[in-house]
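Proteins get letters first, then strands, A, B, ... in listed order; numbering begins at 1 in each.
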Amino acid sequence: MVVTRFAPSPTGYLHVGGLRTALFSYLWARRNNGKFLLRIEDTDLARNSQEAADAILEAFEWVGMENDGEILYQSRRFDLYKKYVAKLLDEGKAYYCYMSKEELDTLRETQMANKQKPMYDNRWRDSSETPPAGVEPVVRLKTPLEGDVVVDDGVKGKVTFSWTEIDDFIIARSDGTPTYNFVVAIDDALCGINHVIRGDDHLSNTPKQIAVYQALGFEVPRFFHVPMILNEEGKKLSKRDGAMDVMDYKRKGYLPQALLNFLIRLGWSNKDQEIFTFDEMLAMFDPNNINKSASAYNLEKLDWLNSHYIKNTPNETLANLLEGHGVAITGHDRREILLDMAKERSKTLMELASAIKAIIDEPLEYNEKDMEKSVTPETSAVLNDFIMVLSDGKERHLPSEYQEMIDAFVHDKGVKMPMLGKPLRLALFGVATGPNLADALAALGKETVIARIEKFLKQL
RNA sequence: GUCCCCAUCAUCUAGCGGCCAAGGAUGCCACCCUUUCACGGUGGUCACAGGGGUUCAAAUCCCCUUGGGGACGCCA
């Protein structure tokens, strides 16, 4: 059985890059009828917060990815980790180190100055020296002193490191709390996680974790190190690039499916396919064909995907979503007409909301440039005639009925369509561009249309 | 600095030794559709980082250079 996990540390919101690795892990587990676990890596008590953990969970809920089983909080498992530290100490596979932070800093500086890789020098590894008084020691793991480790990675292939590059790293801080590289291996092993899909910034930590697996006699899982996502300039993603928080995309009016579709195509592909339904992702995703190289994201493609999904979302669903963007639409028929015309031209729910508002809300002013270009000496007469026809007593509700009326009007009065269309749009929307007139007329209804035209006429 | 990873259009990518004078998508440009703006349709623009090998044949394999990125924490 395939068991994967996503293990964020609760120091902030859920990052889009994090969402992608979570998606990969989720898909792979589900595709294999396995399990997808969630674990909160909060061993560093000083930096974590429950709010951050909740924010991450909220993002998962929004995109609709459900984890299996209980969510594991590492901060609640300290007793367990301590037992393993004690065990390793007992077996002579780990040891106390009394070196101070200051001493360590000095050591690193010297090494850097000598063009060496900064590493702990093993001075307490087999020391018989008497420990200095008053120093709370850290616990370090004895890593192999020679030979190679190879990480057989599902995306990078076989990556070889020399053990001489891996120092005896700290597994327990002087306050007794365990560190990341230690607990990550323990929890992955204990939870039966056998496929670890994570960012490739963890690749060089992997030997350390393998050392833990080996020291504790655990089976090493299969690793998949996914390349980073870069910003639009191809540089490392940072807060300055904006919209790193998954929930920002919700706020900006993106649909979760669009975001997921966008993310899955970053670093992974299935031939030339661009659009993936969730079921297709489930059926096709395989971490073994994740790309090796980093990818820069471009929002224009996200916009394209989002507009695609908006067009294919039922109006009822859209109407509900729109309430979160300050637009309430009443009436079934009216909703259908409004949304049918507006969804074709909107890239985000925010745009959809403003497109609808632009129709529903009475214009407060008329665009000057459009007035100059579109208002002619005949305008007033044409619009008055139009009001007359609108008031002819015939019942009209459907866009098609209004279309017939417009066609007949243009024909009977012998005017060119733009002669009517441009000023009519100005009267209705305040600008000379906008949706199809028949649709707008049907959505607004006779009374509103006449009122807006009359108001417009007064200003001519 | 040391170690590790990566390298096809502006961007996401297809390609896994011959089918590639490199395909798709986004963007951009043009045209068509059209009562405007969009949508849609059609076409165009744009790439194998450089240099050496290997081979009858290389975008595909190997090496070097260059350029990116990551790790080197009592953060994760």
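Here the CD atom belonging to A:Q257 is positioned 13.0 Å from the CD1 atom belonging to A:I310, to the nearest 0.5 angstrom. Summarising the geometry, atom CD1 belonging to A:I40 is positioned 5.5 Å from atom CD1 belonging to A:I56; distances are rounded to the nearest 0.5 Å. Distance check: A:L107 CG to A:R123 CZ gives 6.0 Å after rounding to the nearest 0.5 Å. Atom CD1 of A:I453 and atom CD1 of A:I387 lie 5.0 Å apart (nearest 0.5 Å). Rounding to the nearest 0.5 angstrom, the gap separating the OG1 atom in A:T21 from the CG atom in A:L263 is 9.5 Å.
Taking the C1' atom of each, B:G24 and B:C3 are spaced 38 Å apart, rounded to whole Å. Rounded to whole Å, the C1' atom of B:U11 lies 15 Å from the corresponding atom of B:U45. Look at the P atom in both B:U55 and B:G15: the space between them is 28 Å, to the nearest Å. Here the separation of B:C5 from B:U65, taken at their P atoms, is 15 Å to the nearest Å. Between the C1' atoms of B:A58 and B:A21, the separation comes to 15 Å (whole Å). Rounded to whole Å, the separation between the P atoms of B:G43 and B:U26 comes to 13 Å.
Residue A:E41 is classed as a sugar-phosphate contact, given heavy-atom separations below 4.0 Å to backbone atoms only. The residue A:T160 sits close only to the backbone: its heavy atoms come under 4.0 Å of sugar-phosphate atoms, none of a base. A:M341 comes within contact range of no nucleotide atom at all, as no heavy-atom separation falls under 4.0 Å. A:V159 comes within 4.0 angstrom of the backbone, heavy atoms only, and of no base. Nucleic acid contact for A:Q74: none, since no nucleic acid atom lies under 4.0 Å from a heavy atom of the residue. Within 4.0 Å (heavy atoms only), A:T43 reaches sugar-phosphate atoms of the nucleic acid but no base atom.
The heavy-atom pair separating A:K252 from A:T348 by the smallest distance is O-CB, 3.5 Å. Taking both residues in full, the closest heavy atoms of A:F409 and A:V382 are given as CZ-O, 3.5 Å, listed atom of the first, atom of the second, then distance. Considering all non-hydrogen atoms of both residues, A:N205 and A:D201 come closest at ND2-O, 4.2 Å.
Here the P atom of nucleotide B:G68 and the CD atom of A:E232 are 20 Å apart, to the nearest Å. A:L14 has its CG atom 19 Å from the P atom of B:A76, to the nearest Å. Protein atom CZ of A:F223 is 16 Å distant from nucleotide atom P of B:C5, rounded to whole Å. Look at CD on A:Q111: it is 14 Å from P on B:C3, rounded to the nearest Å. Atom CG in A:N288 sits about 14 Å away from atom C1' in B:C16, given to the nearest Å. Between the CE atom of A:M228 and the P atom of B:G68 there is a distance of 18 Å, given to the nearest Å. The CD1 atom of A:I356 sits 15 Å away from the C1' atom of B:A38 (whole-angstrom rounding). Taking atom CG on A:N231 and atom C1' on B:C12, their separation rounds to 15 Å, with Å as the unit.
Phosphate contact (OP1/OP2 of B:A14, side-chain N/O of A:N291, threshold under 4.0 Å): present. At least one side-chain nitrogen or oxygen of A:S295 sits closer than 4.0 Å to the OP1 or OP2 atom of B:U13.
Salt bridge status for A:E274 with A:K301: present, with a side-chain N to carboxylate O gap under 4.0 Å. Salt-bridge check for A:R425 with A:D370: failed, with every basic side-chain N at 4.0 Å or more from each acidic carboxylate O.
Listed by residue number, the members of residues 259-278 of chain A with any heavy atom below 4.0 angstrom from RNA chain B are A:R265, A:L266, A:G267, A:S269, A:K271, A:D272, A:E274. RNA chain B is contacted by A:M417, A:R425, A:A432, A:T433, A:G434, A:P435, A:N436, A:L437 of residues 410-437 of chain A, taking any non-hydrogen atom closer than 4.0 Å. Within residues 357-381 of chain A, no residue has a heavy atom under 4.0 Å from RNA chain B.
The aromatic rings of A:W304 and A:H308 sit tilted relative to each other, their planes meeting at an angle between 30° and 60°.
A 3.5 Å limit on both hydrogen-bonding distances identifies no Watson-Crick or G-U partner for B:U55. Shown here, B:A25 forms a base pair with B:U11; the pair counts as Watson-Crick or G-U wobble because both key distances fall under 3.5 Å. As the counterpart of B:G40, B:C32 is assigned, both hydrogen-bonding distances of the Watson-Crick or G-U wobble pattern falling under 3.5 Å. Under the Watson-Crick or G-U wobble criterion, with both distances below 3.5 Å, B:C3 is paired with B:G70.
For A:F456 and A:Y366, the distance between ring centers is under 6.0 angstrom. If you look at A:F6 and A:F60, their ring centroids are closer than 6.0 Å. Ring centers of A:F285 and A:F24: under 6.0 Å apart, within the cut-off.
Here the rule is side chain to side chain donor-acceptor pair (under 3.5 Å) with A:R5, and of A:D187, A:D188, A:N67 only A:D188 fits it. Partner of A:D168 under the salt bridge (charged side-chain N to carboxylate O under 4.0 Å, His left out) criterion, out of A:R140, A:K93, A:R125: A:R125 alone.
For the pair A:L230 and A:Q403, both in contact range of RNA chain B, the more 5′-proximal nearest nucleotide belongs to A:Q403.
The side chain of A:F161 has B:C3 as its nearest neighbour among B:C74, B:C3, B:U13. The A:K101 side chain lies nearest to B:C74 when the options are B:A76, B:C39, B:C74.
Residues in residues 141-152 of chain A take part in these salt bridge (charged side-chain N to carboxylate O under 4.0 Å, His left out) pairs, two or more places apart or across chains: A:D126-A:K142, A:D152-A:K158, A:D152-A:R222.
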Distances for protein N/O vs nucleotides 71-73 of chain B N/O pairs under 3.5 angstrom?
residue : atom : partner : partner atom : Å
B:A71   : O4'  : A:S204  : OG           : 2.9
B:A71   : O2'  : A:S204  : OG           : 3.3
B:C72   : O2'  : A:P118  : O            : 2.7
B:G73   : OP2  : A:R108  : NE           : 2.9
B:G73   : N2   : A:R47   : NH2          : 2.8

Measure all distances between protein nitrogen or oxygen atoms and nitrogen or oxygen atoms of nucleotides 26-28 of chain B, and list the pairs falling under 3.5 Å.
residue : atom : partner : partner atom : Å
B:U26   : OP1  : A:W304  : NE1          : 3.3
B:U26   : O2'  : A:K301  : N            : 3.3

Take A:V139 and A:Y95 through the test side-chain contact (heavy atoms from CB on, under 4.5 Å) and record every step on the way to the result.
CA-CA 5 Å; A:V139 179; A:Y95 59 96; over 6 Å; no
For side-chain contact (heavy atoms from CB on, under 4.5 Å), just list the numbers for A:S269 and A:R265, CA-CA rounded to whole Å, side-chain angles, deciding distance to a tenth of an Å, and then say yes or no.
CA-CA 6 Å; A:S269 61; A:R265 284 289 286 101; 3.5 Å; yes
